[in-house]
Amino acid sequence: MITVSDLNGKEDNYTWWLNIMPDEMPRLSLLPKEVRMRLDYSPGSLDVLENYIRANYTMEEMKDRKNKFARDLFARYVGETLRRNQPELYWSFETEDDQSPFYGVPVLLTLGQEDHVPPMTPAIWVVTLIERVDGGFLRGQLKPAKKAA
């Protein structure tokens, strides 16, 4: 399986990562029942996942290579939840500008607003949310994109 950590800025790897998305989502079944039963791609399910990540990972653990599969699955779930709730979002991958802060990172862009609305970065958010004091960070990402659209 190719994870976000394995993309290495290669478009072929990104294409594979994106194409296997439907095959990877069933891995959510590995989460505890009380968590996975609430992961229904609703905005509220982002709180469930965020609480699970905060309760089970430190920043160091989330960044650790041994957790790359969990990190990848969480990023996929967050991105797909955002996409399902905001149909104008689509996955993209920067492979040309290696100076871009988003080089090699799958991001969500807003159709028709690519130059006006910053990319959304689920792969980064699932790590950085651990440092945030307030809850509802992931769900809160829905609001900025809706206002901009």
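- Once rounded to the nearest 0.5 Å, the distance linking CG of Leu89 with CG of Leu142 reads 8.5 Å.
- Looking only at atom types and distance, the side chain of Trp125 has no donor-acceptor partner in the side chain of Glu50 under 3.5 Å away.
- Counting heavy atoms of neighbouring residues, nucleotides and ligands inside a 6.0 Å radius, atom CD of Glu96 does not exceed 12 of them.
- Looking only at distances, no side-chain donor or acceptor of Glu60 sits under 3.5 Å from a matching main-chain atom of Lys63.
- Looking only at distances, no side-chain donor or acceptor of Thr121 sits under 3.5 Å from a matching main-chain atom of Ile124.
- Between the side chain of Gln141 and the backbone N or O of Leu138 there is no donor-acceptor pair closer than 3.5 Å.
- Here CE of Met21 is found 4.5 Å from CD of Glu80. Values are rounded to the nearest 0.5 Å.
- Atom-to-atom distance recorded for Leu73:CG and Tyr77:OH is 10.5 Å, nearest 0.5 angstrom.
- Leu18 and Met25 fall within a single hydrophobic cluster, where Ile, Leu, Val, Met, Phe, Trp and Tyr side chains are chained together by heavy-atom contacts under 4.5 Å.
- Distance alone, capped at 3.5 Å, is enough to place a donor-acceptor pair between the Ser42 side chain and the Ser45 backbone.
- Counting heavy atoms from C-beta on, the side chains of Arg54 and Arg132 come closer than 4.5 Å.
- Annotation: side chain of Leu129 is not in contact with side chain of Val127 (no heavy-atom distance under 4.5 Å).
- Judged as a salt bridge (charged side-chain N to carboxylate O under 4.0 Å, His left out), and not counting sequence neighbours, Arg36 has no contacts.
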**Request:** Would you please test Trp91 and Val107 for side chain to side chain contact (heavy atoms under 4.5 Å, CB included) and show each step?
**Result:** CA-CA 6 Å; Trp91 286 106; Val107 298; over 6 Å; no
**Message:** Pair Arg76, Trp17 - check side chain to side chain contact (heavy atoms under 4.5 Å, CB included), show working.
**Reply:** CA-CA 10 Å; Arg76 288 174 186 271; Trp17 182 85; 2.8 Å; yes
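- The shortest side-chain heavy-atom distance between Trp16 and Ile20 falls under the 4.5 Å cut-off.
- Looking at Lys68 and Asp72, no side-chain N of the basic residue comes within less than 4.0 Å of a carboxylate O on the acidic one, giving no salt bridge.
- In this structure, Arg83 and Tyr41 have side chains that are not in contact, with every pair of non-hydrogen atoms separated by 4.5 Å or more.
- At a threshold of 4.5 Å between non-hydrogen side-chain atoms, the residues Arg27 and Phe69 do not count as touching.
- Atom CG of residue Asn56 and atom CD of residue Glu61 lie 9.0 Å apart, to the nearest 0.5 angstrom.
- Looking only at atom types and distance, the side chain of Tyr90 has a donor-acceptor partner in the side chain of Glu114 under 3.5 Å away.
- Shortest non-hydrogen contact noted between Ala75 and Pro122 is O-CB, 3.5 Å.
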For residues 98-106, which side-chain N or O atoms pair as donor and acceptor with protein atoms under 3.5 Å away, sequence neighbours left out?
residue	atom	partner	partner atom	Å
Ser100	OG	Phe102	N	3.1

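- In this structure, the separation between CG on Leu46 and CZ on Arg38 is 12.0 Å, given to the nearest 0.5 Å.
- Between Leu31 and Phe74, some side-chain heavy-atom pair lies under the 4.5 Å cut-off.
- To the nearest 0.5 Å, atoms CE (Met62) and CG (Asp64) are separated by 11.0 Å.
- Put simply, the residue from Thr81, Asn85, Asp47 that forms a side-chain hydrogen bond (donor to acceptor under 3.5 Å, both in side chains) with Arg139 is Asp47.
- A heavy-atom distance below 4.5 Å is found between the side chains of Ile53 and Ile130.
- With contacts defined as side-chain heavy-atom distances shorter than 4.5 Å, the pair Leu108/Pro119 does not qualify.
- Using the six-membered ring where Trp is involved, Phe93 and Tyr14 have ring planes that are parallel, under 30° apart on the 30 and 60° scheme.
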